[in-house]
Each structure stands twice: as structure tokens, then as C-alpha cells.
Amino acid sequence: MPLESIGKFETKRLGVLNERGEADPDLMPQLSEEEIRRMYEFMLLARVFDERAVALQREGRIGTYPPILGQEAAQVGSAFALSPGDWVFPSFREMGAHLTLGFPIAQLLQYWGGDERAQKAPDGLNIFPFCVAVASQIPHAVGAALAVRYRRDPAVVVTYFGDGATSKGDFHEGMNMAGVFNLPMVFICQNNQWAISVPLRTQTATTSLAQKAVAYGFEGVQVDGNDVFAVYRATREAVEKARGGGGPTFIECLTYRMADHTTADDAGRYRPPEEVALWRERDPITRLERFLEARGAWTPQRRVEATEKAARIIDDAIREMENVLSPAPAELFDGVLAALTPRQAEQKKGL
Amino acid sequence: MAQLKMVQAINQALAYEMERDDRVVLLGEDVGRDGGVFRVTEGLLERFGSERVLDTPLCESGIMGAAIGMAAYGLCPVPEIQFMGFTYSAFEQLFAHAARIRSRSRGRFTCPLVVRTPYGGGIKAPELHEESTEALFCQVPGLKVVVPSGPYMAKGLLLSALRDPDPVLFLEPTRLYRLIREEVPEGEYVVELGKARVARAGGAVTVVAWGSMLERVLKAVDGYDAEVLDLLTLSPFDIGAVLASVRKTGRLVIVHEAAKSCGFGAEIAATVAEEAILHLRGPILRVTAPDVPVPLAKLIDHYLPGPKQIRAALDQVLQY
Ligand SMILES: Cc1ncc(C[n+]2csc(CCOP(=O)(O)OP(=O)(O)O)c2C)c(N)n1
């Protein structure tokens with residue numbers, strides 16, 4: 001018996017907008033001027049939000065916070081491709097997606113300020129709470145997708161996670177189930193290349209994360225995560241495919257965490273400064289500005305105006321967050337169960 | 001003698017034992033180059049190399065399972081789980097395997113590993129970073145559970161745990177990592193597992209605590225004739241020391257930061273009721289967190305038992 005080849009695979013990488021801000025016309029997604037303008041504004045909003053959140057933490061006004069600096073294109077581009085009925089199972093570092101989907105900004109800050117009441121998504125916004133245990137939200141998304149199928153709803157279920165999450169059993173179990181059941185799902189991995197101090201090469205021996213989908217029988221694609229058009233295009237296609245019954249897709253957004261892991265971390269201990277400098281050159285916002293500028297739709301003044309607008313929005317949100325009264329101790333018991341147990345009721349009284 | 005913080009004492013214990021015994025190997029997320037998110041393993045990678053200090057992928061079940069295999073093969077692995085809330089995804093390995101290898105293989109294979117994990121609340125960290133679910137682990141036969149209450153005890157207990165022939169869960173009260181300094185001898189000393197310590201002698205009431213609650217209890221009992229026991233090992237716990245103290249004082253208050261229902265306090269109370277009920281002059285009282293998930297920063301101070309509740313329990317039991 002000869003040794004036969006029984007499988008081959010190929011992994012694609014999608015880029016639309018290069019670092020000089022030139023978009024490939026064949027790959028450029030259908031987006032109106034207005035939509036591109038909104039994407040740009042969301043990315044700036046995410047940037048300003050992040051800067052202010054880090055500052056608030058330094059001033060002791062909120063708690064530990066995980067910055068999203070550098071990941072704005074991956075977050076805004078992917079969230080922009082979703083429809084209102086879709087379901088999102090996030091991790092804890094996608095505030096840019098939250099902002100794009102319309103999650104109240106004051107509430108995002110309130111959550112990082114240590115107030116769990118802020119986890120409650122407004123009615124009509126199908127966003128699950130922040131998930132701190134890495135990768136554990138992925139099987140939930142699978143379950144929601146099974147339910148979507150069962151109810152014959154047109155929704156698509158999207159889950160966000162980082163590169164570190166792809167090492168967890170929950171990721172593999174979720175991916176496998178999604179493949180087996182051909183579910184209407186999109187897995188969005190923000191490969192920011194670091195899981196705290198652990199670089200990608202210590203996380204996996206594969207050359208891409210996208211290729212992991214091959215093992216589960218569906219498509220995986222790597223996209224330039226600092227290219228908002230590529231992220232948008234890949235997500236849009238995956239969402240449409242899922243909605244049309246074409247099954248799941250895994251999208252690896254190759255990006256970079258420019259800041260520390262959290263405000264409690266010091267990335268300088270483990271990360272070469274040259275690497276950070278290199279990625280600073282690849283700033284996703286600058287890239288989009290170059291694109292707009294070439295079309296006569298951007299000037300430095302425009303950035304100033306858009307940044308000021310974002311700052312006003314964030315200022316209002318901070319004010320709103322700081323005007324929220326702290327929870328009363330009795331609120332410890334809220335939502336633990338639909339009805340308090342007799343012992344909880346007694347404990348609540350005794351507070 | 002050097003005045004050390006608990007992080008330094010634990011680091012010293014690890015370094016000492018790695019120097020002495022080349023079977024000791026550390027593994028976990030961020031334990032190497034970063035020195036651990038609390039800097040407990042700082043400098044150990046540089047000193048002992050990457051074959052003995054392994055930065056692993058992000059996979060608690062994998063870390064725990066791999067440590068079991070290393071232990072069965074003859075090494076003494078020290079897996080670090082970054083926060084206690086992430087031991088949950090390693091439950092199966094710990095419960096179904098680490099705790100049972102010896103009995104399942106009738107002693108042919110054993111599992112001498114020490115799982116280290118930060119534990120407990122009061123550091124205003126995100127969800128699942130302040131858990132104190134020690135009682136879950138005490139329910140499992142075949143697993144030892146140790147909780148130091150300060151730098152001196154941490155080093156001595158860790159050296160014992162590293163030399164123990166069975167799996168030990170070593171819970172490091174996060175709030176104490178940098179809170180207290182104590183004199184810690186440079187070289188070797190061990191604190192026996194399974195032994196409680198009288199942290200303060202007294203005659204009218206026994207207070208049992210462990211981990212970060214000990215520090216709060218010692219402050220709260222000021223002015224009371226209370227005997228404070230620092231349990232140190234929860235599984236197996238020092239029944240003898242608790243009974244001896246209760247027989248002397250006739251009163252018992254147990255303080256823990258975990259939720260009340262099925263917390264470890266219940267085990268102590270039941271044991272005392274079985275063995276020494278006739279020595280009691282009043283009810284056994286538990287001062288604990290309420291039966292709710294550990295809250296985020298805004299409410300954590302209302303969750304953790306404080307001096308006020310400890311004193312209220314003392315006043316109540318002293319009426320009898
Ligand atoms: C199961 C689990 N283990 C450990 C942690 C502690 N922790 C928080 S974030 C993180 C790294 C996550 O890396 P990645 O998945 O790449 O996401 P990123 O933080 O880069 O966005 C770790 C180890 C956790 N939250 N959950």
C-alpha cells in the first residue's frame with residue numbers, strides 16, 4: 001500500500017487597505033462614504049474611550065482596565081458587519097465592538113469601575129456579559145447558535161476571543177461542535193499576539209490561527225486586523241454565509257496590543273520595544289486616514305474635530321458614570337437567584 | 001534575619017527547593033519571563049532555566065494534567081494556576097486524577113505535585129480573581145489543602161508541601177502578598193502540614209480562622225479574652241488543636257471569607273458538635289461572607305467579613 005495523501009489545506013490571508021492607505025479595488029467592500037465616515041468615527045471614539053479609561057484608572061476613578069489600543073480596526077470593522085438581531089458573546093477586551101454596537105458608554109466605564117449592575121445589556125442589544133474566564137464564552141455561543149437553528153431565526157451568533165483563548169479546551173470543543181452541527185456562527189479571534197507575557201509562538205506551534213478551523217471542517221481566514229476594510233469584508237461575508245445556512249467561519253484578525261495587558265501589567269518586562277515601535281507604525285487609524293486623505297476626505301483638522309466630538313461624548317459618559325450612586329450592600333443579593341433562598345433572605349436582612 | 005513579604009517568602013521557598021532538588025519544576029501562565037502576575041516566581045527562570053520554569057500556553061486543564069504526568073514520572077511539578085477562579089477548568093484533572101492516582105494505581109503511581117494559586121478577596125480585581133472556594137477542594141479525599149497566613153508560615157508550609165508525597169493545593173491569600181512583613185529565616189525550616197497554630201492565647205472563646213481572615217480576626221479580638229487558632233492546613237485539619245481549645249474556652253466562633261453555606265466552617269462546626277458538644281457553653285457561630293458570588297470592587301468590602309461582624313459574634317457567644 002503506498003502512502004497516500006488524504007488531505008491538503010490552504011489558509012488565506014485577506015488584506016484590502018495597505019499601509020500607505022491604498023485599497024485594492026477588487027477587494028474593497030461595498031461601503032458608502034457615510035459608512036466609512038462612521039467607521040472612522042467609531043475607531044476614534046474607541047481610541048479616546050481607551051485613553052480616558054486608562055487615565056481614569058491611574059486616577060483611581062475606575063479599577064483594573066484592559067486597553068484596546070491598536071485593536072480598533074479589528075473591533076469596529078467586525079462589529080460594523082453585524083445586524084441588530086445578531087447575538088454577541090464577547091470576551092473582555094472588545095470595548096470597541098461594544099461602542100460600535102451601541103452599548104451605553106457610561107455603562108462600560110461603570111463596569112470597569114467595579115459595578116456589576118453595568119453588565120446588564122439594554123433590551124434589544126443581544127450582548128452577553130463580559131467574560132473573564134478566557135474562552136469559556138465560546139461554547140455559550142455554540143449553544144445560542146443551536147437555539148437559533150432550532151427557532152429558525154435569521155440571527156447569526158458571533159463570539160470574540162484572543163489568541164490565548166485558542167489554547168483552551170473550550171475553544172476546541174466549541175469549534176468542533178460548530179463544525180459538526182454546521183452552525184450559523186462567526187468566531188472572531190483578535191490575535192493581538194500576546195496573552196499577557198506569553199507570545200503567540202508559545203501559544204501555538206502552527207503558523208496561523210486561522211488554519212485551526214481546518215481541523216474542525218470549516219473555513220478559517222486570516223485578515224489584516226489593522227485594516228478595517230479587510231476585517232469588515234471578512235466578517236460581512238462570514239455573517240452572510242452563516243445566515244444563508246453555509247455554516248461557521250473562523251476569522252483571525254492579526255493585530256497587535258500596543259498597550260500593557262491591563263493597567264496592572266508592565267509589558268516592558270517581557271516585550272521588546274522595537275516590536276511595539278514597529279506596530280505603532282501600523283496604526284489602524286492612521287491607515288484609514290491615509291485612505292481618506294487620498295480621496296480628499298481627510299485633513300488633520302478633521303481628526304481634531306472628530307477627536308473633540310469623541311471627547312465630548314466620552315466626557316458626558318464619564319459624568320454620567322460618576323453620577324451613578326454606588327450600589328447598596330443589599331444589592332449583593334440581586335439576581336443571584338430568581339428568588340432568594342431563606343438563608344439569603346436572612347443574610348440580606350442582617351446586612 | 002530578613003524581613004520579608006509573603007511574595008518574597010514564597011519565592012525563596014521555591015528557589016531553595018529547586019536548588020536542593022532537581023525534580024522540582026515550575027509551570028504555568030506567565031510564570032517565566034514575567035515572573036508571574038504577582039511576581040511570585042520572579043528571577044527563577046533566569047536562575048534555573050527554561051527547562052525548569054515553563055511558560056505554558058493558556059490552558060489550565062492542560063497545565064494540571066501535564067503536571068500529573070510529570071509527577072507520575074518522578075518529577076515534583078509545581079503548577080501555578082493564575083487565579084483560583086481558573087482552577088475550575090482544571091477541576092477534572094485535579095479531582096478525577098491528581099487526587100486518585102495513588103488509590104487507582106494502588107500506589108504504583110503517585111502524584112506529588114503542589115498546585116499554587118492566588119486566593120481570596122480584597123484586591124479590587126475583575127470577576128473570578130477573588131474566589132475563596134477552598135471547601136470544594138477539601139471535599140476531595142486524596143488532596144491536601146494548605147492556606148498560609150503570612151510570610152513565615154508560607155515558606156515553611158511550602159517547603160513541607162513540596163516534600164509531601166501527595167498532591168497539595170497551596171492557596172496564597174492575595175491580599176497578604178505584600179501586606180505584612182515578617183522575619184523569615186534564609187535557609188531551611190519546615191512547618192508541618194496538618195497542624196494549626198495558636199496565634200493568640202486566650203480563655204473565654206476560641207476563634208478559628210485561616211488565610212487573610214487571620215489578620216482581620218487578630219485586629220478584631222483586641223480587648224477580648226479570645227484564643228485565635230490559625231488553621232493553616234484545611235485538609236486534613238487539626239481537629240486536635242480545635243478540640244483542645246474549645247474544651248478550654250467552651251465557645252467557638254469560626255471566621256471565613258467564603259460564602260456560608262457548605263463553607264469549611266460547617267466542617268469544623270460539625271466536628272466540634274460530634275466530639276465536644278458537652279464542652280460548649282453556647283452555640284457555635286460562623287462569621288462568613290453571604291451566599292452570593294464574590295462581587296466586584298464596589299461591594300467587596302460589604303462582602304468580606306469585617307471586624308464589626310467578628311466582634312458581634314464574639315459579644316453574642318460571650319453572653320452564654
Ligand atoms: C481561564 C483563564 N485563565 C487565566 C486568565 C488570566 N488571564 C486574563 S487575560 C489572559 C491572557 C489572555 O490572552 P488572549 O486570550 O490572547 O486575550 P488578550 O488578553 O490578548 O486580549 C490571562 C492569562 C483568565 N482570565 N482566564
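Hydrogens, waters and symmetry mates play no part in the numbers below; they use all other heavy atoms, side chains included. Every chain is numbered from 1, with letters handed out A, B, ... down the list of sequences.
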Check: Tell me, do B:Arg33 and A:Val198 make a side-chain contact under 4.5 Å, heavy atoms counted?
Finding: no
Margin query: What part of A:Pro129 gets within 4.5 angstrom of chain B, counting heavy atoms only: side chain, backbone, both, or neither?
Written below: neither
Next item on the list: Decide if atom CE of A:Met258 counts as having more than 12 heavy atoms of other residues, nucleotides or ligands within a radius under 6.0 Å.
Entry: yes
Check: Contact part of B:Gln309 toward chain A, heavy-atom cut-off under 4.5 Å: side chain, backbone, both or neither?
Finding: neither
Margin query: Taking side chain as everything from C-beta outward and backbone as N, CA, C, O, which of these in A:Val336 sits under 4.5 Å from a heavy atom of chain B? Side chain, backbone, both or neither.
Written below: side chain
Next item on the list: Give a yes or no on this: more than 12 heavy atoms of other residues, nucleotides or ligands lie within 6.0 Å of atom CD of A:Glu59.
Entry: yes
Check: Of the backbone (N, CA, C, O) and the side chain (C-beta and beyond), which part of B:Leu299 lies under 4.5 Å from a heavy atom of chain A, both, or neither?
Finding: both
Next item on the list: Return yes when atom CD of B:Glu92 has more than 12 non-hydrogen atoms of other residues, nucleotides or ligands closer than 6.0 Å, and no otherwise.
Entry: no
Check: When rounded to the nearest 0.5 angstrom, what distance separates CZ in A:Phe161 from CG in B:Leu58?
Finding: 13.0 Å
Check: What closest approach, in Å, do A:Gly113 and B:Lys298 show between heavy atoms, and which atom pair accounts for it?
Finding: O-CE, 3.5 Å
Checklist line | Beyond-backbone contact of B:His302 with A:Glu331, side-chain heavy atoms, under 4.5 angstrom | finding: no
Check: Of the backbone (N, CA, C, O) and the side chain (C-beta and beyond), which part of B:Thr56 lies under 4.5 Å from a heavy atom of chain A, both, or neither?
Finding: backbone
Item checked: Proximity breakdown for A:Arg117 and chain B, heavy-atom pairs closer than 4.5 Å -> neither
Margin query: Which one wins on heavy-atom pair count under 4.5 Å against chain B: A:Pro327, A:Ala195, A:Gly169?
Written below: A:Pro327
Check: Is there side-chain contact between B:Ser89 and A:Lys168, with at least one heavy-atom pair below 4.5 Å?
Finding: yes
Next item on the list: List the steps and the verdict of side-chain contact (heavy atoms from CB on, under 4.5 Å) for B:Asp55 and A:Tyr270.
Entry: CA-CA 12 Å; B:Asp55 268 327; A:Tyr270 51 78; over 6 Å; no
Item checked: A:Gln344 versus chain B, the contacting section by heavy-atom distance below 4.5 Å -> side chain
Checklist line | Ion pair A:Arg269/B:Glu42, N-O distance below 4.0 Å | finding: yes
Item checked: Side chain / backbone / both / neither for A:Gln119 at chain B, heavy atoms under 4.5 Å -> side chain
Item checked: chain B contact via A:Ala328 - which portion, at a heavy-atom distance below 4.5 Å -> backbone
Margin query: Walk me through whether A:Thr64 and B:His129 qualify under side-chain contact (heavy atoms from CB on, under 4.5 Å).
Written below: CA-CA 11 Å; A:Thr64 304; B:His129 287 62; over 6 Å; no
Item checked: Test item: B:Val292 and A:Gln347 side chains (from C-beta on) under 4.5 Å apart, heavy atoms -> no
Check: If you count heavy-atom pairs under 4.5 Å between each of A:Ala267, A:Gly114, A:Ser136 and chain B, which one has the most?
Finding: A:Gly114
Notebook entry, point to check: A:Phe171 versus chain B, heavy atoms under 4.5 Å apart: side chain, backbone, both or neither?
Noted result: neither
Item checked: Spacing of CG belonging to B:Asp34 relative to CG belonging to A:Asp266, to within rounding of 0.5 Å -> 8.0 Å
Note to self: At a 4.5 Å cut-off on heavy atoms, which part of A:Leu351 comes close to chain B: side chain, backbone, both, or neither?
What the structure shows: side chain
Notebook entry, point to check: With a 4.5 Å heavy-atom cut-off, do B:Val37 and A:Ile196 have their side chains touching?
Noted result: yes
Notebook entry, point to check: Quick one: are B:Asp291 and A:Arg343 in side-chain contact, heavy atoms under 4.5 Å?
Noted result: yes
Notebook entry, point to check: Under a 4.5 Å heavy-atom cutoff, which of B:Gly62, B:Gly85, B:Ser61, B:Ser261 has the most pairs with chain A?
Noted result: B:Ser261
Next item on the list: Verify the neighbour count for atom CD of B:Gln139: are there more than 12 heavy atoms of other residues, nucleotides or ligands below 6.0 Å?
Entry: no
Checklist line | Criterion side-chain hydrogen bond (donor to acceptor under 3.5 Å, both in side chains) on B:Asp30 and A:Ser197, from CA distance to verdict | finding: CA-CA 6 Å; B:Asp30 305 291; A:Ser197 73; 2.6 Å; yes
Note to self: Show the nearest heavy-atom pair for residues B:Phe86 and A:Val132, with the distance to one decimal.
What the structure shows: CZ-CG1, 4.0 Å
Notebook entry, point to check: Can you find a heavy atom in the side chain of A:Lys348 that is under 4.5 Å from one in the side chain of B:Pro290?
Noted result: no
Margin query: Which heavy atom of B:Cys59 sits nearest to which heavy atom of A:Ser167, and what is that distance?
Written below: CB-O, 3.5 Å
